[in-house]
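A short write-up of the structure that comes next.
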Amino acid sequence: MNDAPATDETFFLRFTAPDPAALHRDMAHAERQLAQARAEADLLRALDHAGDLGSLLTTDRQEQAARRLLGEFLPAARQHPAHEPSAWLLHALATACQYCGERAEADALFAEALAQARLHSWTRLEHYVLHHWGRSLAEQRRFGPARDCFLQSLAIREALGDPRQASSRQALARLAECEADHITAGPAAAVAKGPLNAMPR
């Protein structure tokens with residue numbers, strides 16, 4: 001049985017596109033690319049574009065549509081585990097499930113994507129999965145595992161000189177605030193105090 005869908009107030013630093021018009025242009029482009037790959041029966045290219053489109057749909061708050069699209073391609077992604085876009089699709093599907101309130105499925109998919117990233121040394125994907133999984137865990141008040149994910153992601157981003165390390169530090173700071181509120185005020189009061197997405201990504 002799935003958990004009840006999360007509301008905007010329960011999300012932890014959920015990303016909001018700074019330019020909605022540009023997001024919709026990217027979505028339209030990804031839709032055309034996916035349609036072309038389907039028409040040409042190019043499965044591997046379709047996996048790539050489906051993952052992109054699913055991620056964009058989730059950013060546009062259309063996570064249910066993303067969940068359906070990405071779920072359609074999940075069997076193919078698992079049949080081609082050495083194809084990096086397959087693992088990105090797993091990650092995108094995990095994120096869509098997270099925002100649909102399907103926490104157990106999201107956790108399993110994040111773990112699967114992380115295992116593939118580490119197996120194939122897909123370092124960029126690895127730090128993305130760790131960061132996004134950490135946010136999902138934070139929304140579940142699983143503070144220790146969330147911190148571990150953020151710290152591992154930060155270490156990779158620092159080693160790469162990736163500017164997203166600032167997002168990791170913001171997440172760790174916000175997580176500490178949430179955990180302190182949870183401990184001192186209790187779960188109900190901590191939730192009432194304010195949204196988990198009070199800080200930008």
Side-chain angles (χ1 to χ4, degrees), residues 2-16 51 55 58-59 63 70 77-78 81 84 86-191 193-201:
N2 295 333
D3 296 337
T7 64
D8 284 347
E9 287 71 31
T10 62
F11 295 140
F12 185 93
L13 304 181
R14 185 172 185 179
F15 177 68
T16 297
S55 180
T58 298
T59 299
E63 51 267 16
L70 296 165
R78 286 173 168 159
E84 186 173 354
S86 294
W88 280 98
L89 187 140
L90 292 171
H91 169 60
L93 180 54
T95 305
C97 288
Q98 169 192 350
Y99 292 125
C100 288
E102 299 169 0
R103 299 295 183 171
E105 187 169 0
D107 285 342
L109 287 162
F110 278 127
E112 187 176 354
L114 182 60
Q116 290 299 323
R118 287 174 168 169
L119 176 64
H120 297 285
S121 299
W122 294 328
T123 307
R124 181 170 176 267
L125 174 60
E126 183 180 0
H127 72 68
Y128 265 93
V129 173
L130 286 164
H131 186 81
H132 284 241
W133 196 3
R135 294 194 314 202
S136 182
L137 292 166
E139 290 167 6
Q140 301 173 62
R141 301 301 196 274
R142 295 167 62 186
F143 299 114
R147 184 180 301 103
D148 289 344
C149 283
F150 291 139
L151 287 171
Q152 291 177 59
S153 181
L154 175 59
I156 296 171
R157 290 173 171 183
E158 287 178 336
L160 296 175
D162 192 299
R164 291 174 183 82
Q165 60 190 269
S167 295
S168 299
R169 294 192 182 97
Q170 285 180 338
L172 285 163
R174 182 66 181 128
L175 184 71
E177 294 174 1
C178 292
E179 186 171 15
D181 288 345
H182 184 80
I183 292 171
T184 60
V191 172
K193 182 179 174 68
L196 291 174
N197 61 348
M199 292 173 62
R201 184 182 184 184

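Bear in mind the structure is a predicted one, so any value in this text is a computation, not a measurement. If you read the sequence from its start, that first residue is 1, and numbering goes on from there.
- Here the CG-CZ distance, from Leu130 to Arg118, works out to 5.5 Å after rounding to the nearest 0.5 Å.
- Separating the CD atom in Glu139 from the CZ atom in Arg135 is a distance of 8.0 Å, to the nearest 0.5 Å.
- Side-chain atoms of Gln165 come within 3.5 Å of backbone N or O of Asp162 as a donor-acceptor pair.
- Here the straight-line distance linking atom CZ of Arg142 with atom CG of Leu175 works out to 12.5 Å at 0.5 Å rounding.
- Looking at Glu158 and Arg169, a side-chain N of the basic residue comes within less than 4.0 Å of a carboxylate O on the acidic one, giving a salt bridge.
- Between Trp88 and Tyr128, some side-chain heavy-atom pair lies under the 4.5 Å cut-off.
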Item to check | Verdict with reasoning, Glu105 to Cys100, per side chain to side chain contact (heavy atoms under 4.5 Å, CB included) | outcome: CA-CA 10 Å; Glu105 187 169 0; Cys100 288; over 6 Å; no
Checklist entry - Can you check side chain to side chain contact (heavy atoms under 4.5 Å, CB included) on His91 and His132, steps first, answer last? => result CA-CA 9 Å; His91 169 60; His132 284 241; 3.5 Å; yes
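- Residue Arg147 holds its CZ atom at 4.5 Å from CD of Glu179, rounded to the nearest 0.5 Å.
- In this structure, His120 and Leu125 have side chains that are not in contact, with every pair of non-hydrogen atoms separated by 4.5 Å or more.
- We find the CG-OG1 distance between Leu70 and Thr58 to be 6.5 Å, quoted to the nearest 0.5 Å.
- Shown here for Gly134 and Ala146, the closest heavy-atom pair between the two residues is O-CB, 3.5 Å.
- To the nearest 0.5 Å, atom OG of residue Ser86 and atom CD of residue Glu112 are 10.0 Å apart.
- In this structure the side chain of Ser167 reaches within 4.5 angstrom of the side chain of Arg157, judged on heavy atoms.
- Taking every heavy atom of both residues into account, Ala94 and Ala106 meet most closely at O-CB, 3.4 Å.
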Next on the checklist: Run Cys149 and Phe110 through side chain to side chain contact (heavy atoms under 4.5 Å, CB included) and show every step you take.
Outcome noted: CA-CA 11 Å; Cys149 283; Phe110 278 127; over 6 Å; no
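- Ion pairing between a basic and an acidic side chain is recognised when a charged N comes within 4.0 Å of a carboxylate O; Glu84 and Arg124 show no such pairing.
- Of the residues listed (Leu109, Leu114, Thr95), the one engaging Leu90 in a side chain to side chain contact (heavy atoms under 4.5 Å, CB included) is Leu109, and it is the only one.
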Next on the checklist: The test is side chain to side chain contact (heavy atoms under 4.5 Å, CB included); show your working for Phe143 and Arg141 and say whether it passes.
Outcome noted: CA-CA 5 Å; Phe143 299 114; Arg141 301 301 196 274; 3.3 Å; yes
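- Considering all non-hydrogen atoms of both residues, Leu13 and Ala171 come closest at CD1-CA, 3.6 Å.
- Taking both residues in full, the closest heavy atoms of Ala87 and Ala113 are given as O-CB, 3.9 Å, listed atom of the first, atom of the second, then distance.
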